[in-house]
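So the structure is just underneath, and the comments pick up after that.
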Amino acid sequence: MMLSRAVRPALSAGNAAFARAAAPQVAGYATLREIESRLKSIRNIEKITKTMKIVASTKLTRAQKAMTDSRTYGQTSNQVFEEAETKPLPEKKSLLVVASSDKGLCGGIHSGLSRYARRLLETDASLDIAVIGEKSKAQIGRSNGSNVVLSFSGVGRDVPTFADAQAIADQLVLLPEEYASIKILYNKFINATSYEPVIIEAYSEEAITESPNFAAFEIDDEVLANLREYTLANSLYWALAEGHACEQSARRNAMDNASKNAGDMINKYSILYNRTRQAVITGELVEIITGATASEDM
Amino acid sequence: MAFAWKAAGLTYNRYLAIAARVVRRSLKEGPRLQAERRGEMDLRFAKWQNGKQGENKSLGAANADAMAELATQEAK
């Protein structure tokens with residue numbers, strides 16, 4: 001049983017005859033087969049990473065489109081607060097929303113977010129955290145579990161919808177604690193190879209009413225609560241969409257690098273494989289010739 | 001000025017989501033299917049206490065429950 005399974009890889013690649021001939025010479029033959037099976041698995045990995053790269057590339061175009069749209073949308077929604085010069089109230093607690101996603105295999109973008117969040121926690125240990133996405137949840141939950149109040153999962157399968165952002169915003173609004181401001185931490189898309197964790201602020205009602213230029217707008221008190229909820233959803237949507245685009249682009253790069261590395265390894269291993277094969281053949285020839293000359297003399 | 005959705009215990013976002021859903025559903029068959037995909041939400045969430053993750057629940061159902069509770073509070 002063992003033997004038949006062990007022989008099977010050697011039967012492929014047209015060296016069946018060689019396998020029979022080299023049977024007694026165990027050491028060289030075994031490493032040759034080892035190299036062959038490793039080569040095969042590297043080839044498979046390369047195929048997988050190439051496919052993932054293609055998938056990520058196609059998803060990236062859609063994600064980027066969603067990102068540009070949502071960015072304009074979010075910026076427009078935040079313009080009111082820029083005009084009003086709204087500032088977060090310093091004395092009250094803030095909530096940090098970390099917008100990562102569920103999927104890995106995309107380089108360091110999730111850990112970049114987690115690291116930034118930890119740095120913020122060092123300056124302000126009372127910060128509460130809500131995590132969107134399994135990856136950052138695992139990282140932040142391990143180091144700062146006591147600060148986490150909510151975690152969301154199921155993000156990142158597709159381009160985030162506004163319905164996602166609204167549902168998350170609702171759950172954040174329903175939190176018992178009153179937050180001075182909600183900071184949304186996400187990866188800003190700079191170009192296809194670089195991202196930067198940045199923060200968008202969504203302010204509380206108090207912060208909005210106390211903003212210096214507030215008098216320039218005519219806002220009823222009751223409308224303000226709605227505006228606040230709505231801008232929270234807008235900002236979340238922006239952060240989710242931009243984070244998603246970054247993730248896809250990072251995944252494309254990561255898979256591109258992985259395919260390249262696999263290609264390098266394949267080259268190295270096929271050279272090694274051929275060398276070993278030739279060495280084995282040479283060894284056999286030497287044996288045959290010595291045998292032949294020896295029998296001739298007799 | 002009191003808002004109908006506040007009286008019903010809904011947040012503004014929920015109210016918007018419901019309004020958007022109604023608009024999507026009243027579309028013609030072809031564009032409707034496409035539009036409804038934009039309204040899909042399938043998130044799950046968990047509350048954390050003292051550094052421990054609680055039970056994983058569906059976000060949509062939990063939001064609906066919470067708002068029903070708000071509505072009963074509002075009615076009192």
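In what follows, every chain begins at residue 1, and chains take the letters A, B, ... in the order their sequences are listed. Here the structure is a predicted model, which is why all the values come from computation and not from measurement. Values below: every heavy atom of this structure, side chains too, minus hydrogens, waters and symmetry copies.
With rounding to the nearest 0.5 Å, the separation of NZ in K6(B) from CG in N226(A) is 5.0 Å. The OG1 atom of T231(A) sits 10.5 Å away from the OH atom of Y12(B) when rounded to the nearest 0.5 Å.
Here the closest heavy-atom approach between residue D164(A) and residue M41(B) is recorded as OD1-CG, 3.1 Å. A pairwise comparison of heavy atoms in Q171(A) and A62(B) identifies NE2-CB, 4.4 Å as the closest pair. In this structure, W48(B) and L150(A) approach most closely via the heavy-atom pair CD1-C, 4.0 Å.
You'll find the side chain of L174(A) reaches within 4.5 Å of the side chain of L70(B), heavy atoms only.
Proximity of a side-chain donor or acceptor of N13(B) to a complementary backbone N or O of D170(A) within less than 3.5 Å is not detected. In terms of modelled atom types and a separation under 3.5 Å, the side chain of S146(A) and the main chain of G51(B) share no donor-acceptor contact. Looking only at distances, no side-chain donor or acceptor of D42(B) sits under 3.5 Å from a matching main-chain atom of G154(A).
Contacts with chain B were tallied for Q166(A), R228(A), K137(A), R157(A); Q166(A) has the most, counting heavy-atom pairs under 4.5 Å. Note on V148(A), L227(A), T161(A): by heavy-atom pairs under 4.5 Å with chain B, the leading option is V148(A). Here S151(A) is the residue among S151(A), G145(A), A163(A) with the most heavy-atom pairs under 4.5 Å with chain B. Put simply, of N56(B), N50(B), L16(B), the one with the most heavy-atom pairs under 4.5 Å next to chain A is L16(B).
Annotation: R62(A), atom CZ; neighbour count of heavy atoms from other residues, nucleotides and ligands within 6.0 Å does not exceed 12. Residue Y179(A) qualifies as enclosed at atom OH: its count of foreign heavy atoms under 6.0 Å is above 12. Within 6.0 Å of CD on Q49(B) lie no more than 12 heavy atoms contributed by other residues, nucleotides or ligands.
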